[in-house]
Structures are given as structure tokens and as C-alpha cells.
Protein chains: 2
Amino acid sequence: MNEKSRRSGLLHAGRPSPTLEDLATAAGVSRSTASRAINGGLKVSPEAQAAVDAAIVALGYTPNRAARSLVTRRTGSIALVIPEPDARVMMDPFFAAVITGVNEALRGTDMQLVLLMSRAGDDSARTMRYLRGGHVDGAIVVSFHEADDWAETLGTTGLPTVFIGRPWATGFGVPYVDLDNFEGGRLAARHLAGTGRTRLGTVAGPADMTAAVDRLEGWMQGIREAGLQPGPVVHGDFTTAGGADAARTLFSEAPELDGVFAASDLMALGVIDTVRGRGHKVPEDVAVVGFDNHSLLAANGLGLTTVTQPMVDMAVTAGQLLIRAIENPEEQLEPVIYPAELVVRGSTAGHSR
Amino acid sequence: MNEKSRRSGLLHAGRPSPTLEDLATAAGVSRSTASRAINGGLKVSPEAQAAVDAAIVALGYTPNRAARSLVTRRTGSIALVIPEPDARVMMDPFFAAVITGVNEALRGTDMQLVLLMSRAGDDSARTMRYLRGGHVDGAIVVSFHEADDWAETLGTTGLPTVFIGRPWATGFGVPYVDLDNFEGGRLAARHLAGTGRTRLGTVAGPADMTAAVDRLEGWMQGIREAGLQPGPVVHGDFTTAGGADAARTLFSEAPELDGVFAASDLMALGVIDTVRGRGHKVPEDVAVVGFDNHSLLAANGLGLTTVTQPMVDMAVTAGQLLIRAIENPEEQLEPVIYPAELVVRGSTAGHSR
DNA sequence: TCCGAATGTGGGAGCGCTCTCACCACATGG
DNA sequence: CCATGTGGTGAGAGCGCTCCCACATTCGGA
């Protein structure tokens with residue numbers, strides 16, 4: 001009469017997926033023992049463990065995440081929050097690197113990556129609700145702007161969070177992974193000055209992103225250290241088109257520039273385009289330094305001198321940090337800062353002093 | 001004595017998140033009525049509905065997905081399966097476009113995107129288990145190779161699935177979204193022939209991907225239709241470096257080529273590099289046609305003639321298709337094929353017949 | 001010999017939700 | 001007047017799992 005036992009299980013498939021109860025029966029143990037055998041196997045006799053293991057294979061058993069999650073209050077997934085407005089920005093390989101890296105960190109864990117891409121205002125509230133709703137065990141936030149209040153909100157909410165890139169407000173104890181952007185900018189300045197360039201222009205990143213601000217400050221400091229005068233500064237949006245536009249403005253203000261620092265490789269590409277469009281040569285007339293060491297561009301005919309940013313590694317570290325934060329909520333995690341390195345290529349070569 | 005009522009709720013945060021029971025109490029209705037009010041509100045009096053709505057706001061109530069999922073057998077998330085081996089390939093903006101598009105399709109739904117990136121053999125089995133385990137309501141599979149048996153396995157498993165790109169085995173009734181790659185290849189051939197190029201080389205994509213094969217076949221057909229002889233064919237891996245390598249092989253076999261079709265823009269970039277490296281000019285000596293209409297390269301100095309592939313749109317369509325498949329499992333969905341269009345730019349200009 | 005402690009096991013409760021069902025009130029029709 | 005809906009409601013079961021607790025067994029030391 002207990003014939004209703006063959007319930008639905010998996011919605012779509014033919015046969016219903018076996019439950020823990022089924023597994024226990026097949027293994028000849030109780031539900032409790034089966035559960036213990038699956039999770040770490042403490043206080044389980046070798047025989048019972050073996051029986052359960054065998055039954056798992058035989059039945060193709062997979063624990064029901066929802067049921068487990070309901071009681072453990074762990075979802076087994078983390079969110080990658082990307083608060084960027086449009087597809088254009090997504091094309092930036094930075095995101096590809098972040099996704100790859102975070103995924104890499106999750107390998108071996110049975111955690112899954114949930115992508116949370118939120119747009120303007122209203123949508124970000126929805127994202128926030130989702131995050132606070134306990135649907136994920138933690139979050140990695142990336143590419144945030146000053147206007148976003150992720151750091152504050154998440155910091156106070158108690159949800160384990162790691163930022164990629166220094167957040168504007170560091171007072172909330174939220175750990176982050178970042179590049180030494182200041183030093184990167186400084187290296188660029190020192191290098192350009194070292195090759196004899198003296199009239200330096202800047203295509204900075206968005207003023208509401210810490211990475212852009214730090215790069216700019218380092219660059220300025222480097223220029224001062226070299227005893228040069230900082231030239232004009234124009235802000236771009238990290239895209240190629242934005243870099244080209246910024247460069248046009250730059251050269252219309254100061255046509256005699258012989259060196260430009262762009263705060264991203266994509267923008268540097270735009271700068272080079274503009275320089276060439278004006279009938280000048282890179283690097284003979286104008287040297288260009290980028291930032292990111294973007295692999296797509298490395299293969300490009302003219303090598304681009306740039307500052308290395310190990311994005312994948314940084315993302316991996318962020319993922320690992322988050323896992324630690326989830327597993328050990330009390331531990332106070334320190335920010336991780338990667339050193340910046342300059343890669344010299346063709347775009348800053350051959351200037352006859 | 002029922003004072004244990006204030007249980008944990010959300011693991012991390014201070015206050016526990018309210019349950020449906022709390023909500024019902026606050027609204028002065030029963031749990032059942034509250035549930036109905038939340039889900040569609042059929043057979044709920046306006047007063048009750050209003051009371052529940054107010055309570056939701058007041059308490060900041062969010063339904064517990066796990067609990068809901070446990071009984072509905074719907075997880076409210078779909079998987080994006082990317083069976084690519086390494087980060088290098090992830091840099092291809094194709095993936096960025098797919099992610100953006102699918103996410104776009106999910107907007108408005110309360111579905112979430114789970115990223116499943118699997119590597120070689122073993123790992124793909126894990127992915128497969130995850131998919132069959134009922135952890136997601138559906139899957140979008142992208143960039144599959146012939147060796148993968150996703151189409152077969154998923155097709156028979158009953159999990160709603162949509163492919164981006166035609167799968168090798170179409171017999172399983174799995175719907176897909178694709179570009180008319182054949183026509184795209186044909187357009188490229190017709191265009192090159194039309195500009196007077198006669199000695200045509202090919203940098204094809206990986207032979208185990210349908211998109212590459214279809215492009216190659218269309219290209220060959222176009223060459224034949226133009227009354228020309230197909231030149232040498234070398235296979236690349238869709239990356240810039242791969243394209244450059246392939247082009248080297250190509251030109252060592254047939255140095256006199258005056259036109260090359262590369263099955264992706266990234267490879268076309270590599271081809272151009274190689275051509276220039278050999279001291280020849282694009283397009284004067286060698287015309288190059290790419291494939292994808294990759295936005296990153298559009299801004300490049302020399303415009304690349306290419307075949308448009310509306311990747312974001314295609315991904316949106318795939319997402320919508322999947323949602324329909326999930327909501328209406330019986331419906332037989334048809335593949336959607338986008339037309340290919342040629343975009344003529346500088347890389348195929350100015351050949352003096 | 002007997003008593004903890006350690007080790008292994010199974011029963012039961014309960015996580016927060018949906019859904020079936022019984023029920024009530026009131027309308028409508030014979 | 002009673003049969004038959006019909007909109008609205010609430011109690012109760014149960015989804016598959018983990019965890020607490022009670023219980024059985026074994027082992028070491030007093």
C-alpha cells in the first residue's frame with residue numbers, strides 16, 4: 001500500500017532520481033548512516049561506508065541540493081557580481097579573466113558560480129535583495145564605481161564578500177584583491193621619461209573607479225619624480241573607442257605630445273589609432289604605454305608596452321579568499337595586492353634623443 | 001514555551017530572515033493565503049492580497065528558494081555550459097557576447113545564470129552529473145566539439161536544452177540557434193572573387209566544430225560558383241596566434257595567394273600579421289576576410305572585411321527558447337538560423353585588376 | 001567485576017515552502 | 001426550500017535532507 005513510493009523525483013527525466021532513503025535501503029543501512037557516509041564519513045564503519053559508496057554508484061545517486069540547502073543554510077553557490085551597464089564593457093577581456101579565475105578557484109569545491117549582472121539603479125536593488133536573501137553563500141564584486149554602495153551594504157549585511165579591485169570604502173573590513181595600480185602608473189612614467197619623452201599626455205580611466213584613480217596618481221608621481229611637467233589629462237571609459245576619443249581631445253589641446261599613458265590597453269589601442277589618423281608614427285613620434293597586458297593585443301603587429309596585470313591569478317585569489325571567508329566567518333582577511341610590472345614592447349621603442 | 005520560534009534564518013546576517021509563517025502572521029492571514037498571494041494571487045481577496053503585499057515590504061520578506069525548490073522541483077536557475085579547456089579561449093569575445101545575451105534573456109524572469117565551465121574528460125562527467133542531477137531547470141550549451149556528446153546525453157536525459165551553434169547530432173530534437181555559416185562562407189568567396197582575387201587560401205576553424213565546417217563548405221561552394229580553383233586549406237583554432245601560424249603554413253605552401261578567408265576575426269588578425277611580417281601589404285597584395293564582425297577589431301586602423309554574426313542577439317534568442325522549453329516541455333521547438341551578412345571594410349579594398 | 005568513555009547506529013524532528021483537500025460563506029437555480 | 005456551484009480560506013502533509021538524541025556495542029582502566 002506504500003506504493004506511492006515511486007514519486008516524481010527529477011521533473012523532466014524518465015526515472016525519478018533516487019533519494020537518500022533509496023540509497024540507504026540499497027546499502028542496507030539507515031538514512032542517517034548513509035548521510036554520514038556521504039558527508040565526511042565520521043563515525044561510520046568501513047563496511048557501512050563501502051556499502052554506501054557502492055550504492056551511490058549503482059543508483060547514480062546525487063544529493064538533492066535544495067533539500068540539503070534547506071537545512072544546512074548553505075546554498076553551495078557564490079555570486080559574481082558585475083555591476084556594468086552594457087555588453088560593450090563586457091567585451092573587455094578583464095571579465096573573461098575574472099570569470100575564468102573565479103571558476104578555477106571553485107574547481108575541486110562543489111560550489112557553483114552564479115552570475116549576477118545588474119544594470120542601472122533599480123536592477124541593482126534587485127541584485128542586492130538577491131544577495132541578502134541568502135541565495136548564495138558569498139559574493140565576489142568586481143568593477144564597481146563610486147556610486148555603487150556595494151562595499152557598505154554588503155559589508156554590513158554579513159554576507160561573505162571579496163572585492164576585486166580596491167573598494168572606495170575600505171572601512172567595512174571587506175577583503176579585496178588588487179594590483180598595485182599606483183606603482184604601475186609610476187613605472188609607466190619612469191619608463192617613458194627614461195626613453196627621453198618629455199611632453200607626456202594622459203588618457204586616464206573613469207574617475208569613479210579606484211583602479212583608474214590610483215594609476216593616475218602613480219603616473220603623476222612618476223612624472224614629478226622624473227622632473228617633468230605633467231601634461232593634459234583626459235578621462236576615457238576603458239574602451240578602445242573611448243581611448244580614441246580621449247586622444248583626439250588630448251592632441252587638440254597639446255599637439256606636440258611625444259608620449260601618452262593610457263590606463264588600459266584597449267584605450268591605448270584607440271590612442272594609437274588616433275595618432276596614426278593624425279599622420280604620426282608610433283613610436284617614432286609618439287610613444288604609447290598601456291595597462292593590463294591584454295593577451296589579445298600582444299599578438300598585434302606593433303607590440304604595446306604595458307603594465308602587467310595578472311587578472312586570472314587575481315581572480316583565483318579572490319575566489320580562494322571568499323571560500324576561506326565562507327568557511328571561517330570569524331577570520332579577519334587581509335587585502336592582497338599584486339605587484340605591477342612593466343612589459344616593454346615596440347610602442348615605446350626607438351626615440352632618438 | 002514556543003520561544004525557540006526565533007531560529008537562525010539567514011546564516012550570516014544579524015536578524016534571521018522572516019519565513020512565510022512570519023509573513024502570514026504579520027498580514028493576519030494563513031500561511032496558505034500568503035503563499036497564494038505571493039504566487040500569482042489566484043483566489044485571493046483584494047484585502048488579503050493588500051495585507052500580504054504590505055507585510056512583504058514591512059518585513060523585507062524573500063521566499064526561501066531552497067524550500068520552494070524542494071517542493072516545486074524547479075530550481076529557478078539555468079546552466080550555461082562552456083566546455084572549453086582554457087582561459088585563452090575564454091578571451092574570445094564570443095563568450096562575453098553569449099553571457100551578455102543569455103543574461104539579457106533572463107532579465108525579468110527570476111531565473112539565475114549558473115556558469116558551468118568544464119575541462120577535459122573527467123570534469124565533463126562531473127558537469128554532466130550536475131546537469132542530470134536536477135540542479136538546474138535547463139541548459140544552454142555552447143562551443144561544443146564533435147567529441148562531446150552533450151547533444152546525445154542531454155537530448156535523452158529530458159533536461160530542457162538549447163544549443164548555440166548547430167550540434168553534430170541533430171536527431172535528438174534539441175533546438176539550437178545558429179548563424180547561416182554556409183552562406184557566410186559563400187558571401188566571403190563571392191566578395192573576394194568580385195574584387196578580382198583569384199588565388200584564394202583558407203584558414204579554416206577547428207574541423208570538429210560545425211560552425212567551422214559549415215563556413216568552409218560555403219566558402220568552397222562560393223569559390224566553385226565563381227569559377228575559381230580552391231587553394232590550400234589550413235585549420236586554425238580560432239585564436240589570433242593560431243591564425244598567424246596557419247597563415248605561415250599557408251604561404252609557405254602557396255606564396256602567391258592574393259586572398260585569404262579566415263573563419264574568425266581573431267584568426268584574420270593573425271593572418272594580417274603574418275602577411276605584413278612577410279613584407280606584403282593588406283589589402284594591396286593580399287585581401288583578408290574574417291568572420292564574426294568582432295567589435296574590438298572594428299575600431300582597428302585597418303578595417304577588417306568580415307561576416308556579421310549577431311552573437312548577442314543569438315544568445316538572447318537561445319535564452320528565450322530555453323525559457324519556452326522549460327515552461328512548455330511538450331512543445332517542439334524549431335532551430336533558429338540567423339542570416340549572414342558581409343561587412344566590407346578596408347582589408348579587401350583596392351585591388352587593381 | 002563493573003563503570004565510564006568511545007564508537008557506531010537508527011529514529012524522529014524539522015528546515016520553509018507548495019499543494020491538496022476540506023470547509024465555509026454566499027450566490028444561483030430548480 | 002434544498003441542491004449545486006464558486007470565490008475565498010486554513011489545516012495538514014510532505015518534498016529530501018541534516019542533525020540531535022537515544023540506544024547498542026565494545027573497550028579500557030579502576
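Reminder, nothing fancy here: chain letters follow the sequence lines and each chain counts from 1.
Residue A:Glu21 contributes atom CD, which lies 9 Å from atom P of D:dC17 at whole-angstrom precision. Atom P of nucleotide C:dC17 and atom CZ of B:Arg74 are separated by 18 Å, given to the nearest angstrom. The nearest whole Å value for the distance from the CD1 atom in B:Ile38 to the P atom in C:dC19 is 12 Å. For the pair A:Asn39 CG and D:dC19 P, the interatomic distance rounds to 7 Å; values are reported in whole Å. Put simply, CG on A:Leu20 is 16 Å from C1' on C:dA13, counting in whole angstrom units.
Comparing A:Leu70 and B:Lys43 along DNA chain D, the residue whose closest nucleotide (by nearest heavy atom) sits nearer the 5' end is B:Lys43.
Contacts with DNA chain D (heavy atom under 4.0 Å) in residues 54-68 of chain B: none are found.
For the helix from C:dT1-D:dA30 to C:dG30-D:dC1, the terminal axes (five pairs an end, C1' atoms, rotation from four pairs onto the next four) enclose an angle of 50°, given to 10 degrees.
For residues 23-44 of chain A, the pairs satisfying salt bridge (Lys or Arg N to Asp or Glu O under 4.0 Å) are A:Glu21-A:Arg31, with sequence neighbours left out.
Taking only side-chain atoms of B:Val71, from C-beta outward, the nucleotide of D:dG10, C:dG16, C:dG10 with the closest atom is C:dG16. The side chain of A:Ser45 lies closest to C:dT9 when the candidates are C:dT9, D:dT18, D:dG8. Side-chain proximity of B:Arg73 to the nucleotides D:dG16, C:dG16, D:dT9 is greatest for D:dG16. Comparing C:dT18, D:dT18, D:dT9 against the side chain of A:Thr72 picks out D:dT18 as the nearest.
Dashed line: the shortest gap from a side-chain N or O of A:Ser35 to OP1 or OP2 of D:dC17 is not under 4.0 Å. Applying the 4.0 Å criterion to OP1 and OP2 of D:dG10, one finds that B:Ser30 has a side-chain N or O inside that range.
Looking only at side-chain heavy atoms (C-beta outward), B:Ser35 and B:Leu20 come within less than 4.5 Å of each other. Contact of the A:Met314 side chain with the A:Tyr176 side chain is not registered, since no non-hydrogen atoms from C-beta on lie closer than 4.5 Å. Side-chain contact between A:Phe94 and A:Val142 is present, with at least one heavy-atom pair separated by less than 4.5 Å. Taking the side chain as every heavy atom from C-beta outward, A:Ile326 and A:Ile78 approach each other to under 4.5 Å. Counting heavy atoms from C-beta on, the side chains of A:Thr62 and B:His135 come closer than 4.5 Å.
For D:dG10, the base has a donor-acceptor partner in the side chain of B:Arg36 [N/O atoms by modelled type, under 3.5 angstrom]. On a pure distance criterion of 3.5 Å, a polar donor-acceptor pair joins the side chain of A:Arg31 and the base of D:dT18.
Counted by atom type alone, B:Thr33 and B:Ser30 present one or more donor-acceptor pairs between their side chains at under 3.5 Å. In the model, B:Asn64 has no side-chain atom that pairs as donor or acceptor with a side-chain atom of A:Arg73 under 3.5 Å.
Residue-level contact check: A:Ser32 touches the bases, meaning some heavy atom is under 4.0 Å from a base atom.
Using a cutoff of 4.0 Å between basic side-chain nitrogens and carboxylate oxygens, A:Glu327 and A:Arg324 are not scored as salt-bridged.
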Apply side-chain contact (heavy atoms from CB on, under 4.5 Å) to residues B:Leu113 and B:Val102 and explain how you reach the verdict.
CA-CA 8 Å; B:Leu113 218 207; B:Val102 172; 4.1 Å; yes
